[in-house]
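Taking it in order: structure first as structure tokens, then the write-up.
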Amino acid sequence: MQASPPGYLTKQETIAVLGVDDLRIRSLLDKNQFHDPLDEALNLGISSATWPLFGLLWPSGQRMAERMAQRPVTDERILEIGCGLGLSSLVAHRRGANVTASDCHPLTHAFLDENTRLNGLPRMAYRHGLWGTAALREDGLPVLTLAQDANVSGVFDLIVGSDILYERDDEGTLASFINSHAAQHSEIWVVDPNRGNRAAFHKHMARAGFAMHEHLLDQAATLDQPAYKGRMLTYTR
């Protein structure tokens, strides 16, 4: 455990991903960390309650990283959305894939750079990625969707995201964001820990021309890992 000068606590762990070498990952110590003295996160619509979520390792991210470890490396363009600590992107990056990580949290880029350094890797491409409109600020003031990094641009052959169906999205803002950055012939991977918002997402993705295949990822508890229930959603067009 170490104290970070900005005012939050972090830890470093060795993370095993099936099929590839272990990764050294710096993450927040726990979900109680918070440090936003300049309201950078708040001005992007990130509340104090959701602030630490980017900096934690989540079971769905582990499942996505395991699948990424099995993907043959080609010249395809890969985008991870809502990447958080970017475990899947780090796996792909170390294997030599052409991957861009993206998120809307103002500290994601710094954590990603540190984790590439810890693993002896060159810097990875990173972009700011926010779909829809930012959430309302806690204090009721207008949200300023300004970011330090350039926005996601261009199109990609494979777009991946783990645990990104966490809120109701009747207007289909996530599907629209994905569609705007997906190549005409593309593949989308979403790991969903049964959040309950799949039906609407399926509908919006179908309207964008994507066919869906669903695979259960349920795993019983082991000595090393707790039980997991979720689904791998694969969309193609």
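- Within the 4.5 Å cutoff, no side-chain heavy atoms of Leu87 are placed close to those of Trp58.
- Using modelled atom types, one side-chain atom of His204 and one backbone atom of Asp170 make a donor-acceptor pair closer than 3.5 Å.
- With rounding to the nearest 0.5 Å, the separation of SG in Cys104 from CG in Asp149 is 11.5 Å.
- Counting heavy atoms from C-beta on, the side chains of Val191 and Asp163 never come closer than 4.5 Å.
- Side-chain atoms of Arg207 never come within 3.5 Å of backbone atoms of Gly172 as a donor-acceptor pair (strictly under, hydrogens ignored).
- Contact check for Leu57 versus Glu13: side-chain heavy atoms found under the 4.5 Å cut-off.
- Counting only distance, with no hydrogens or angles, the side chain of Gln62 and the backbone of Ala16 share a donor-acceptor pair below 3.5 Å.
- No donor-acceptor pair under 3.5 Å is formed between the side chain of Tyr8 and the backbone N or O of Pro52.
- Across Val152 and Gly129, no two heavy atoms sit closer than the pair CG2-CA, 3.9 Å.
- Ion pairing between Arg71 and Glu76 holds under the 4.0 Å rule for side-chain N and carboxylate O.
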Going through the checks in order, is the side-chain contact (heavy atoms from CB on, under 4.5 Å) test met by Ile178 and Phe201?
CA-CA 11 Å; Ile178 290 172; Phe201 184 64; 3.8 Å; yes
Side-chain donor-acceptor pairs under 3.5 Å in residues 77-86, sequence neighbours left out?
| from | atom 1 | to | atom 2 | distance (Å) |
| --- | --- | --- | --- | --- |
| Arg77 | NE | Asp157 | OD2 | 3.1 |
| Arg77 | NH2 | Asp157 | OD1 | 3.0 |
| Glu80 | OE1 | Ser89 | N | 3.1 |
| Glu80 | OE1 | Ser89 | OG | 2.5 |

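- Closest approach of Ile25 and Ile15 over heavy atoms only: CG1-CG1, 3.7 Å.
- Ring geometry for Phe111 against Phe54 counts as perpendicular: the plane angle is over 60°, on a 0 to 90° scale with 30° as the lower cut.
- Looking at Asn179 and Phe210, their side chains come closer than 4.5 Å, going by heavy atoms from C-beta outward.
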Check the pair Arg67, Thr234 against side chain to side chain donor-acceptor pair (under 3.5 Å), reporting the backbone distance first and the verdict last.
CA-CA 12 Å; Arg67 186 173 184 186; Thr234 301; 2.9 Å; yes
Does the pair Arg195 and Glu167 meet the rule for a side-chain contact (heavy atoms from CB on, under 4.5 Å), with working shown?
CA-CA 8 Å; Arg195 291 288 189 187; Glu167 61 184 2; over 6 Å; no
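- Hydrophobic clustering places Ile159 together with Tyr166 (ILVMFWY residues linked when any side-chain heavy atoms are closer than 4.5 Å, directly or through intermediates).
- Here Arg198 contributes atom CZ and Met212 contributes atom CE; the two are 8.5 Å apart, rounded to the nearest 0.5 Å.
- Taking both residues in full, the closest heavy atoms of Leu107 and Trp51 are given as CD1-CZ2, 3.5 Å, listed atom of the first, atom of the second, then distance.
- Contact of the Gln12 side chain with the Leu118 side chain is registered, since non-hydrogen atoms from C-beta on lie closer than 4.5 Å.
- Interatomic distance, NZ of Lys229 versus CG of Asn194, reported as 8.0 Å (0.5 Å rounding).
- Although no hydrogens or angles enter the test, the distance criterion places no donor-acceptor pair under 3.5 Å between the side chain of Asp113 and the main chain of Thr116.
- Here the side chains of Ser102 and His128 are not in contact, with every heavy-atom distance at 4.5 Å or above.
- Looking at heavy atoms from C-beta onward, Trp131 lies in side-chain contact with Ile164 at the 4.5 angstrom threshold.
- Listed for the Asn119 side chain is no donor-acceptor partner under 3.5 Å among the backbone atoms of Leu121.
- Not a single donor-acceptor pair under 3.5 Å links the side chain of Gln219 to the backbone N or O of Tyr228.
- Note that the NE2 atom of His93 and the CZ atom of Arg123 stand 10.5 Å from one another [nearest 0.5 Å].
- The heavy-atom pair separating Ser60 from Ser162 by the smallest distance is O-CB, 3.6 Å.
- Salt bridge status for Arg231 with Glu214: present, with a side-chain N to carboxylate O gap under 4.0 Å.
- Taking all atoms of both residues into account, the shortest heavy-atom contact from Met232 to Trp189 is SD-CB, 4.2 Å.
- Here the shortest heavy-atom pairing between Asn115 and Arg24 reads OD1-O, 3.9 Å.
- Inter-residue side-chain proximity for Met124 and Leu90 is flagged as met; some heavy-atom pair is nearer than 4.5 Å.
- Remark: the backbone N or O of Leu174 is paired with a side-chain donor or acceptor of Asp169 at under 3.5 angstrom.
- Residue Thr14 holds its OG1 atom at 9.0 Å from CG of Leu23, rounded to the nearest 0.5 Å.
- Side-chain polar atoms of His202 and Tyr235 form a donor-acceptor pair below 3.5 angstrom.
- Distance CG/Leu158 to CG/Asn98: 11.0 Å, rounded to 0.5 Å.
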One pair to check against side chain to side chain donor-acceptor pair (under 3.5 Å): Thr173 and Ser176. What are the steps and the verdict?
CA-CA 5 Å; Thr173 57; Ser176 177; over 6 Å; no
